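Please read the structure below before turning to the comments.
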Amino acid sequence: MKRGFIPLLGLVLLIGVSALARATDGFQAVTSDGARQLSVARHPRSIPDVRLIDQNGHSFSLADYRGKTLLVDFIYTRCPTLCGVLGNDFHRVLAAMPNKQLDLLSVSFDPANDDHEALKLYGDRFGATAPRWRIAVAADRRGLDALLRTFGVVVIPDGIGGFVHDGFIYVVDQHGRFANIIEPNASAQMIEAAMRPAKP
Amino acid sequence: MRRIARYKLLLAACVAWACLWLPPLRSMLESDMTLHMTVQLPLLTAIGVMLAMVLRPHEPCWFADADWLGIPGVLLAIFTTSLWMLPRMLDLALGNVSIDLLKFASLPLLAGLPLGLSWPRVPALGRAFLWANLISMLATMGGLYLGAPQRLCAYYRLDQQSAAGTALVAIAIVLGLAWFIVLFIGAPSPAKPRSADKSRINERFGWGASHTFPRS
Amino acid sequence: MTTQAIGTSRGGIDAGIAVRAYLAVTGIVLLLMMLFGFTMRLAQAQWINIEPNTFYMILTMHGSGMVGITGLSGAAVMWYFVRRHVPVSTGVFVANLVFFLVGALLILGSGFIGGFAGAWTFLYPLPEHSGGLWSANAAAFYMLGLLVIGVGFLLLHLDVLRGIISVYGGLGAGLGAKQAFGLAPEKDGPPPAVAAATMASISNIVGIVIGAVVLVLMLVTLYVPSFTFNTLLAKNLIYYFGHTFINVTIYMAVIAVYEILPMHTHRAWKTNRAFYLAWVLSTLMVLTVYPHHLLMDFAMPTWMLIAGQIISWVSGLPVLLVTAFGALTNVYRSGIKWSVAAGLVFIGVAGWAIGVIPAIADGTVIVNSVMHNTQWVPGHFHTYLLLGMVAMMLGFMAYIGGGRAPSRLGPAGLWTFLIGGAIFVLAFLAGGAASVPRRYAVHLPGWLPYDRVGVIGAGLVVIGTSLLVTRFFLALRSPMSGDGIR
Ligand code: HEM
Ligand SMILES: [Cu+2]
């Protein structure tokens with residue numbers, strides 16, 4: 001063994017392990033989804049006050065939802081698959097908790113195709129009525145980007161004209177903070193549990 | 001290596017580095033998971049190995065001394081490469097140019113360069129062990145990507161993910177076969193191994209005279 | 001340099017002591033695992049009462065422990081003889097023993113503390129779905145233990161191959177590939193120990209690399225349940241790893257036959273073209289046929305699974321044939337003076353040959369549908385492992401440490417082992433023919449006669465083995481025993 005070996009080895013181990021630990025949030029997340037879940041649970045994120053337009057052409061702002069719990073999902077109306085599932089999930093949530101202080105919001109990330117006609121058709125498929133359940137697009141591109149960034153949503157082309165995206169439901173609490181994430185196919189109990197207010 | 005040849009190699013490494021960074025090539029290689037993992041990342045590491053070949057004469061003494069059996073250098077390379085194999089890091093690199101830049105800097109400088117400098121110091125057994133581990137880790141990564149029912153990278157589709165998995169497994173198999181074939185053919189026998197020569201062979205390896213039959 | 005210097009010329013560790021340490025560990029673990037087996041047999045015979053859960057835990061420990069210890073002792077045989085021809089590192093050899101002991105501790109902990117009972121084949125996803133019998137951590141300890149043991153063996157086999165390449169130039173030359181295909185004179189071929197060590201090391205390295213893949217995959221899925229992978233593929237990978245490892249124990253132990261018999265007959269082992277061809281063919285089969293069958297298995301039809309099993313046995317067939325034939329011609333009319341060591345290795349060849357016959361019977365499709373998953377299966381593998389591999393290994397043990405031991409211990413041990421072993425495996429085979437299922441903790445009344453005969457055989461095996469192991473330990477007191485190195 002040569003001089004300086006142990007210090008150098010120690011240095012490499014220190015750097016290597018701490019870099020891996022940072023990249024995995026303390027060896028807990030290897031995917032972006034996992035990392036987001038951890039980060040949101042630890043530090044709920046305040047959401048930007050974005051202006052949106054709903055299926056009836058009415059303009060509203062995210063700040064309007066203060067004081068209520070809001071469930072958000074991200075969709076595009078031409079979607080042949082996941083967005084139908086998400087629509088059904090929201091429909092189920094409404095049916096299961098009709099009286100709750102709870103609003104729903106489906107945001108389209110495809111403003112080029114989703115005019116308010118298309119939004120309305122999508123909403124009608126699942127019995128959505130504003131303002132309880134709005135199907136909306138952001139008023140401008142910057143607003144949409146800000147939303148996608150805050151919620152950590154990534155949408156990529158699927159190569160056949162549509163999009164690949166996730167099927168999560170995002171929970172915004174009464175204080176207007178993005179506070180939880182609901183896995184696809186969650187049961188009603190799991191959804192209720194996820195909406196319980198966290199520590200302020 | 002002669003001086004001129006060294007400069008040529010350095011130039012080649014820098015040109016390759018720049019080309020990989022420039023948008024047409026970068027966005028092409030990063031648009032597909034297989035290309036990203038099996039072409040871009042290895043090429044970046046290879047650039048570091050080229051740098052090591054150029055810089056070897058200038059390697060600082062303290063590093064050559066402290067890098068016993070090449071262990072610290074190889075370990076650093078292992079850490080760096082495993083970091084960039086994490087799906088989350090791939091995502092971050094795609095979503096954020098400064099992280100991509102970090103990738104472009106760290107893979108050559110913290111993986112390829114130390115690997116290239118340390119490799120000659122690694123004993124033969126250690127090299128073989130590293131090869132075997134590389135093969136098995138590539139196949140394992142491939143297996144994970146092939147088997148995962150969901151997307152692991154937000155920026156890549158499920159079909160790209162399983163294509164990447166297949167590619168990783170295929171690379172592992174090809175590397176394994178190639179290794180085997182090279183070792184199987186080997187070099188022409190260094191000594192005609194005949195039982196009469198045994199003691200000579202043992203002497204050559206400092207193993208003393210061959211063992212005599214025991215009284216049984 | 002003198003003989004003395006050989007042992008200490010590298011790393012300061014004495015090779016003779018290292019080999020003895022391997023054999024001492026082997027003696028103790030082997031007896032312990034045999035007692036586990038004996039306990040299972042007693043329980044099946046309903047002469048003692050143990051909980052089914054405990055039975056399956058013991059079954060898991062017996063299977064893993066036996067496979068591990070035969071691997072370890074096989075490595076000792078291979079290393080001891082191959083180092084007469086090529087330079088190998090004593091440090092790596094000792095490191096393998098250390099890795100083995102650490103891994104064995106992890107595995108024992110997973111069983112006796114964590115209650116892991118997913119069988120030595122740890123078929124995915126069973127380790128993850130214990131129904132509350134054991135925790136994810138217990139399963140992880142078990143798999144980590146296997147990984148640690150695998151690292152040790154990987155290093156050892158790589159070092160052996162490195163040594164072989166340094167002398168012979170390449171693995172082909174180490175196997176005698178040119179001699180096999182008539183491209184070089186037979187007399188220039190490698191000694192049998194080198195050919196066998198080359199084949200064994202290549203196979204085990206491939207097996208271990210594949211085993212590491214499936215173990216790491218399973219560890220990941222254990223803790224990150226959102227990852228899954230194809231169960232059929234997992235099964236094939238695990239079986240590839242397991243079959244290879246257990247078969248390789250025989251290819252390593254058989255070196256004892258090649259080296260010990262000639263010492264008694266004073267005739268060199270005939271290394272003719274057929275001999276080399278057999279080892280080359282077996283290597284190629286292990287390398288190509290089975291993995292090839294893995295690659296296309298995403299929805300594998302049953303016949304392919306069965307074909308895979310046959311291949312895994314048949315791949316050893318050429319080697320078995322040349323070895324059995326070689327042993328007979330070596331002994332025939334040689335005026336051999338039998339010793340315990342020579343007797344045991346000879347029994348080993350016979351046990352191996354006889355054990356493979358029911359294996360092939362089991363492999364054929366029609367027999368398989370009747371016999372598979374009966375005690376026919378433990379019947380055949382105990383024949384070629386206990387009466388084959390273990391007999392060869394005990395022969396090696398007798399050879400290393402027999403010189404000064406009391407003279408009657410050896411023959412008594414040999415005969416008790418042989419007779420007990422025969423009764424024990426015949427009881428399994430007879431039970432299998434009568435459709436007694438394998439891996440049952442609780443047996444029906446109609447099966448008890450087979451079990452009880454089995455108990456008697458097993459008891460004799462334990463006694464015989466104890467005598468042979470005792471003989472070895474007694475000989476340890478006098479360090480310069482008959483083998484010539486220390
Ligand atoms: C005294 C000697 C031995 C006894 C009494 C014994 C007994 C047993 C018994 C009762 C079983 C369970 C059979 C069943 O499925 O119903 C078994 C399984 C097994 N034995 Fe042995 N055995 C002995 C030696 C060996 C040896 C030398 C090996 C060498 C590798 C070995 C390897 C195995 C394996 C791999 C299994 C299968 C475990 C499983 O099904 O998961 N045994 N043995
Ligand atoms: Cu969709």
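Below, read A as the first sequence line, B as the second, and so on, with proteins coming before strands; counting in each chain starts at 1. Because the structure is a prediction, the values reported are computed rather than measured.
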(request) Answer yes or no: is there a donor N or O on one side and an acceptor on the other, between the side chain of Arg157(B) and the main chain of Val164(A), under 3.5 Å? (result) no

(message) If you count heavy atoms of other groups shown closer than 6.0 angstrom to CZ of Arg142(A), is the number above 12?
(response) no

(message) Can you list everything that forms a side-chain hydrogen bond (donor to acceptor under 3.5 Å, both in side chains) with Glu30(B)? Sequence neighbours excluded, please.
(response) Gln40(B), Lys103(B)

(request) Would you sort out whether Asp67(B) and Phe5(A) count as a side-chain contact (heavy atoms from CB on, under 4.5 Å), showing the intermediate values? (result) CA-CA 6 Å; Asp67(B) 190 33; Phe5(A) 168 65; over 6 Å; no

(request) Could you note down all residue pairs passing side chain to side chain donor-acceptor pair (under 3.5 Å) where residues 70-84 of chain B supplies at least one of them, sequence neighbours left out? (result) Trp84(B)-Ser106(B)

(request) Check each atom of Val17(A) against the heavy atoms of chain B and say whether the ones under 4.5 Å are side chain, backbone, both or neither. (result) both

Show me, pair by pair, the donor-acceptor contacts under 3.5 angstrom made by side chains of residues 129-141 of chain B, not counting sequence neighbours?
{"from": "Asn133(B)", "atom 1": "ND2", "to": "Phe129(B)", "atom 2": "O", "distance (Å)": "3.1"}
{"from": "Thr140(B)", "atom 1": "OG1", "to": "Ser136(B)", "atom 2": "O", "distance (Å)": "2.6"}

(request) Give the minimum heavy-atom separation between Asp25(A) and Arg88(B), together with the two atoms involved. (result) OD2-NH1, 3.5 Å

(request) Tell me, for Arg149(A) versus chain B, whether the close heavy atoms (under 4.5 Å) come from the side chain, the backbone, both or neither. (result) neither

(request) Output the option from Gly16(A), Gly159(A), Gly4(A), Pro7(A) having the highest count of non-hydrogen pairs under 4.5 Å with chain B. (result) Gly16(A)

(request) Would you mind checking which part of Leu11(A) comes under 4.5 Å of any heavy atom in chain B, side chain (CB onward), backbone (N, CA, C, O), both or neither? (result) neither

(message) If you count every heavy atom of other residues, nucleotides or ligands that lies below 6.0 Å from Leu22(B) atom CG, does the total exceed 12?
(response) yes

(request) Supply the atom-to-atom distance Leu20(A) CG to Phe79(B) CZ, rounded to the nearest 0.5 angstrom. (result) 6.0 Å

(request) Measure the spacing between CG of Asp65(B) and CG of Leu8(A) and express it to the nearest 0.5 Å. (result) 11.0 Å

(request) Could you tell me whether the side chain of Arg151(B) reaches within less than 4.5 Å of the side chain of Ile156(A), counting heavy atoms only? (result) yes

(request) Would you please go through residues 27-40 of chain A and name the residues with a non-hydrogen atom below 4.5 Å from one of chain B, in numerical order? (result) Val30(A), Thr31(A), Ser32(A), Ala35(A)

(request) Verify the neighbour count for atom CD of Glu59(B): are there more than 12 heavy atoms of other residues, nucleotides or ligands below 6.0 Å? (result) yes

(message) Can you tell me which of Val12(A), Leu9(A), Val155(A), Asp166(A) forms the most heavy-atom pairs within a distance under 4.5 Å of chain B?
(response) Val12(A)

